[in-house]
Every structure is written in C-alpha cells, then in structure tokens.
Amino acid sequence: NAGVTQTPKFRILKIGQSMTLQCTQDMNHNYMYWYRQDPGMGLKLIYYSVGAGITDKGEVPNGYNVSRSTTEDFPLRLELAAPSQTSVYFCASRPATRDNEQFFGPGTRLTVL
Amino acid sequence: ILNVEQSPQSLHVQEGDSTNFTCSFPSSNFYALHWYRWETAKSPEALFVMTLNGDEKKKGRISATLNTKEGYSYLYIKGSQPEDSATYLCASNYGGSQGNLIFGKGTKLSVKP
C-alpha cells in the first residue's frame, strides 16, 4: 500500500492564480481530511469528507473548495490564491470505525507571492 | 471554541534523559485523545489513541496516560535517544466516532547526543 499520497510536494503561486492539490489514498478509508499547518500553530482543519459525494467545512474553509467523487481521491482547490494561503497542507484519511488514528500524507508546501 | 494546549512548547534534553510533556483539553463531551509523532520533513504518525479515563498505553520507551475527568494526558519518553527528536502532537475528539480532531500546537523535543 502506498498509503496517502499528495502532489505536488512544493509549489509557488502568484497572487490570484488557482491550483489543485491532489490527495489519494489506497486504504479504502471513508474519512478524508485537509489540514493546513502554519508556523507556531497546530494543524487546522480546512475541509473533510465522510465518504464519496459528501464533504463539509472545517475550521478554516474560506478560499478553498473540495470534491469527493471517489473513495480514493480528495482534491483541494485554491481559487484566487492569496499570501495568507502560504502554508504546508496535509491530507489525511482514516477508517470509519471508532477510535482510529488518522494516516497523513507527506504534505504540500505552498508559497503564494 | 475548544482549545487543546500542550506544554512545554519546546524541550532540549541530553541523550539518556527521561522526559515528559503535557496535553490539556476540555473534559466535557470528551471522546478520544490522540498522540502523533512528527519528524521534520515527514508526515505525522500516530502513537496512541486513548479513550478511557485512567488508560495507559506503551510503545517501546514511549508511554502515555489519560485523565478524562481533569482533562489532561501525559506523554513519557524513557531514556531519550537522538532519534526521538520530533514534534509531538496531541489532538482531542469531541464529536464521537464521526468527530474531527482538534490539535494542539505540539511540543518540539530535541535530544542531544
């Protein structure tokens, strides 16, 4: 199993550009999450999904969109990138059973200039 | 707003020292407490998931305890090694089996040889 994979690993965007961060998991997990991690801060939840076709906002959803058309994929879309979106983005997944830990991808480091 | 606090923010110890750090969380509506180990340039990996008051879990030289009534968990590392150097994150779940995690800011541990 590859686990949770994310692409790209690094990206530099100009203000106003758009991009999609890709996340794929091969563990057949129902739950998937997108977090951002800023220096000195804990992981903040952007969006999450409890299964294909179902998504919901987390703590910091503004400026982002997601979709979940398959169990495996959970892309995060940035429209009109802003410097405040400079961060490290982590995708995670977990099974639906209770008390299960989340499995994290390697992260995408995004800089918006 | 639910807040998960970790202390200390950072810790420097010598190889062979034993150390511990704290995670504090609101005790009402508590469901589960997670500990993750996050090495630089890697993704967070789960150490423990605990749900019961008085729970104690162990993995090698690392152990954790949980007090849900007073809202804290301790993580202990016995005989620290340089490879233990990492940021240790705790996260609390209040929403039951479908609940999302609220992360603390982490404790960064550096172990000098």
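Proteins come first, then strands; the chains are lettered A, B, ... in the order of their sequence lines, and each starts at number 1.
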Within a strict 4.5 Å, meaning less than it, do heavy atoms of the A:Phe104 and B:Trp38 side chains meet?
->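 They are not in contact (no side-chain heavy atoms under 4.5 Å apart), so the answer is no.
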With chain B, which of A:Met41, A:Arg109, A:Gln102, A:Lys44 has the greatest number of heavy-atom pairs at distances under 4.5 Å?
-> A:Gln102
Joint hydrophobic cluster, [X] plus [Y], side-chain heavy atoms closer than 4.5 Å:
X: A:Ile46; Y: A:Leu110; result: yes
X: B:Val13; Y: B:Leu47; result: yes
X: B:Phe103; Y: A:Tyr47; result: no

Test side-chain contact (heavy atoms from CB on, under 4.5 Å) on A:Tyr31 and B:Asn100 and set out the steps.
-> CA-CA 10 Å; A:Tyr31 288 70; B:Asn100 299 321; 5.7 Å; no
Sort [X] into side chain, backbone, both or neither according to what part of it lies under 4.5 angstrom from a heavy atom of chain B.
X: A:Tyr35; result: side chain
X: A:Leu43; result: both
X: A:Gln37; result: side chain

Which region of B:Phe48, side chain (C-beta onward) or backbone (N, CA, C, O), has a non-hydrogen atom less than 4.5 Å from a non-hydrogen atom of chain A, or is it both or neither?
->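 Contact with chain A: none, neither part.
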Could you pull out the closest heavy-atom pair between A:Pro106 and B:Ser43, with the gap in Å?
->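 Heavy atoms only, the tightest pair is CA-CB, 4.0 Å.
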Around atom [atom1] of [X], are there more than 12 heavy atoms of other residues, nucleotides or ligands at under 6.0 Å?
X: B:Gln81; atom1: CD; result: yes
X: A:Gln17; atom1: CD; result: yes
X: B:Lys105; atom1: NZ; result: no

